[in-house]
Amino acid sequence: GYRPKYQQLKKELEKQFPGKLEISGEGTPQVTGWFEVTVAGKLVHSKMKGDGFVDNGSKLSKIVAAIEEALALG
C-alpha cells in the first residue's frame, strides 16, 4: 500500500526540516492511485498526473525546493 511510502517521505522531510513542517496523510479507501504532495496550498507532486511515487532524488529535490521556497516566503 501507500502508507510505507508516505511514512518514508514524511521521515525524510522531517529530517531535513526538523520542527518546521506540519505533515499529514489521508487515506482514500474509495479511490486508489492517489499520492500527492501539496506545499503551502500548491500541488508539487502528483502520482495521478504522472509523477509516480517519490522514489528518487530528483523527485525529492523538487519537493524540498518547494518547501524551501514556501518557508522563505512564509
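No experiment lies behind these values; they were computed from the predicted model shown. Side chains are part of it too, since the values below use all heavy atoms of this structure and drop only hydrogens, waters and symmetry mates.
Rounded to the nearest 0.5 angstrom, Leu73 CG and Glu68 CD are separated by 12.0 Å. Here the CD1-CG distance, from Ile67 to Leu21, works out to 5.0 Å after rounding to the nearest 0.5 Å. From Lys47, atom NZ reaches atom NZ of Lys5 across 9.0 Å, with rounding to the nearest 0.5 Å. Taking CG of Leu71 as the start and CZ of Phe17 as the end, the distance is 6.0 Å to the nearest 0.5 Å.
Transitive grouping of hydrophobic side chains (ILVMFWY, heavy atoms separated by less than 4.5 Å) brings Tyr2 and Ile23 into a common cluster.
Annotation: salt bridge (Lys or Arg N to Asp or Glu O under 4.0 Å) contacts involving residues 6-15, sequence neighbours excluded, comprise Glu12-Lys15.
A search for side chain to side chain donor-acceptor pair (under 3.5 Å) contacts involving Ser58 returns Asn56, not counting sequence neighbours. Evaluation of the ring-ring contact (aromatic ring centres under 6.0 Å, His included) rule for Phe35 yields Phe53 as partners, not counting sequence neighbours.
The minimum heavy-atom distance linking Leu43 with Thr38 is given by the pair CD1-OG1, 4.0 Å. When all heavy atoms are compared, the tightest approach of Ser46 to Glu36 is OG-OE2, 3.1 Å. Nearest heavy-atom pair across Ala66 and Val39 is O-CG1, 3.7 Å.
Atom CD of Gln30 sits in a crowded spot, with more than 12 heavy atoms from other residues, nucleotides or ligands closer than 6.0 Å. The 12-atom threshold is exceeded at CD of Gln16, counting heavy atoms of other residues, nucleotides or ligands nearer than 6.0 Å.
Asp51 places none of its side-chain heavy atoms less than 4.5 Å from the side chain of Val44.
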